[in-house]
Amino acid sequence: MTILIILLWLANLCCDTIGQIAFKYAAISSHNRIDFDYWRILLFNRWLWLGITSYAIGFLLWIAFLSYIPLSQAILLGSANIITIMIFGHILFKEKLTFFRVLGVGLITAGVIIVGIG
Amino acid sequence: MKKYYPIGFLFLLFFDTLGQTGFKFSANYAEPVNYSFAWVMRILTNKWIYMTCISYLGAFLTWMILLKKVPVGPAFAASRLQIITVMFVSHYIFNEPPKLNHILGAIVILCGVFFLALAEKKLAKNKEQID
């Protein structure tokens, strides 16, 4: 049972991270100004659909995850996506991890966990 | 930091919050929860669920515009501000007063967003000096 919960959590974390990374790739795939054509091209972008698929699977995994553990604990584990998205943003898009950025992201994660308790 | 980032985030927060509010209204409207066909139909036939759909579409488009420029890591973290706005809606519309830990968590999140904004300011300043 515990292994199943951990696997569900990790799979959900992967889906959230892949989803956001894919959305970022989709958003920067064209340098066009934002007009009707931009959205039309974006609609057929494979990154966009990877992101949407990823989120859809993540949603189902989250529901499954919630059926095993209480919401407060789920939020505590679920907020790890804030950290993983920052790390992959750094690796893939060369987003600088300055001291203040890491501090800010850390505080937000802590805040989400505090709200989630009880 | 570009001037329009905060405006984009405000739009994102607005849509996210409106979406969640719509979910709650729909859930209340569709009660009792019995996972029956009738329950699903009650969800699909009330106006609130469509407000949610439109809000989430708006949030998605706003997010895609923001992501063209902003770094996804800090921006995703900053978008957790919706927890605070939803807290306000819960309190004033649904009469769910926040508990002590909710208020405490909200303050910590706000501090985090403050430092993210500070980080952007510093990065912009460094870039200016290089240019």
Side-chain angles (χ1 to χ4, degrees), chain A residues 16-17 19-34 38-39 42-43 45 47-48 51-52 55 72 75 78-79 81-118, chain B residues 1 4 8 12 35 56-57 59-88 90 96 98-127 130:
Chain A
D16 281 353
T17 311
Q20 286 301 332
I21 296 300
F23 285 146
K24 176 73 184 179
Y25 271 119
I28 59 173
S29 63
S30 96
H31 296 286
N32 294 351
R33 63 200 176 83
I34 295 162
Y38 171 77
W39 296 109
L42 189 65
L43 193 61
N45 185 288
W47 286 110
L48 182 82
I52 291 172
Y55 256 81
S72 56
I75 288 174
S79 58
N81 59 12
I82 303 174
I83 308 282
T84 54
I85 291 166
M86 179 181 70
I87 293 169
F88 280 92
H90 170 66
I91 296 169
L92 297 169
F93 305 109
K94 310 274 177 291
E95 294 174 3
K96 288 198 183 82
L97 292 183
T98 62
F99 172 71
F100 282 125
R101 269 191 181 170
V102 175
L103 182 65
V105 169
L107 281 172
I108 291 171
T109 311
V112 173
I113 291 171
I114 295 170
V115 171
I117 297 169
Chain B
M1 191 161 75
Y4 57 81
L12 183 70
Y35 305 104
Y56 274 108
L57 182 67
F60 178 72
L61 297 179
T62 312
W63 186 235
M64 292 309 286
I65 294 170
L66 272 172
L67 275 188
K68 264 179 95 75
K69 297 284 180 201
V70 303
V72 64
F76 183 76
S79 71
R80 299 304 90 187
L81 270 175
Q82 59 161 289
I83 291 175
I84 300 173
T85 53
V86 171
M87 219 179 271
F88 273 99
S90 309
E96 300 170 6
K99 292 179 195 157
L100 181 66
N101 67 299
H102 294 158
I103 296 167
L104 208 66
I107 293 169
V108 176
I109 292 173
L110 278 178
C111 290
V113 173
F114 168 77
F115 281 114
L116 284 183
L118 196 67
E120 296 314 300
K121 212 169 186 176
K122 274 191 170 261
L123 283 168
K125 210 173 178 183
N126 288 347
K127 198 161 181 274
I130 294 164

**Study point:** Region of B:Leu123 that comes under 4.5 Å of a non-hydrogen atom in chain A
**Key:**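 For B:Leu123, side-chain heavy atoms alone lie under 4.5 Å from chain A.
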
Review point. Which answer fits B:Ala75, side chain, backbone, both or neither, if we ask what part of it has an atom under 4.5 Å from a heavy atom of chain A?
Key: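 B:Ala75 has no heavy atom closer than 4.5 Å to chain A.
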
Atom pair [atom1]/[atom2] of [X] and [Y] - distance to nearest 0.5 Å:
X        : Y        : atom1 : atom2 : answer
B:His102 : A:Ile117 : NE2   : CD1   : 9.5 Å
A:Thr84  : A:Gln20  : OG1   : CD    : 10.0 Å
A:Ile75  : B:Ile83  : CD1   : CD1   : 7.5 Å
B:Lys122 : A:Lys96  : NZ    : NZ    : 14.0 Å

Partner chain A: residue of [options] with the largest heavy-atom pair count (under 4.5 Å):
options                     : answer
B:Val113, B:Leu61, B:Ile107 : B:Leu61
B:Ala78, B:Cys111, B:Pro74  : B:Pro74
B:Ala119, B:Pro71, B:Gly73  : B:Pro71

Point to revise | Contact origin within A:Tyr55 toward chain B - heavy atom pairs under 4.5 Å | key: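 Only the side chain of A:Tyr55 comes within 4.5 Å of chain B.
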
**Study point:** A:Tyr38 portion near chain B, given a 4.5 angstrom heavy-atom threshold
**Key:** side chain

Check your understanding: Do B:Lys68 side-chain atoms and A:Ser30 backbone N/O form a donor-acceptor pair below 3.5 Å?
Key -> yes

Point to revise | Whether A:Phe23 and B:Phe60 hold their rings parallel, tilted or perpendicular, with breakpoints at 30° and 60° | key: perpendicular

Review point. When heavy-atom pairs shorter than 4.5 Å are enumerated against chain B, which of A:Ile108, A:Ile87, A:Ile28, A:Leu97 gives the highest number?
Key: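 Sorted descending by pairs with chain B, the first entry is A:Ile108.
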
Review point. Counting heavy-atom pairs under 4.5 Å to chain B, which of A:Ile83, A:Asn81, A:Thr109 comes out on top?
Key: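 The residue among A:Ile83, A:Asn81, A:Thr109 with the greatest pair count is A:Asn81.
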
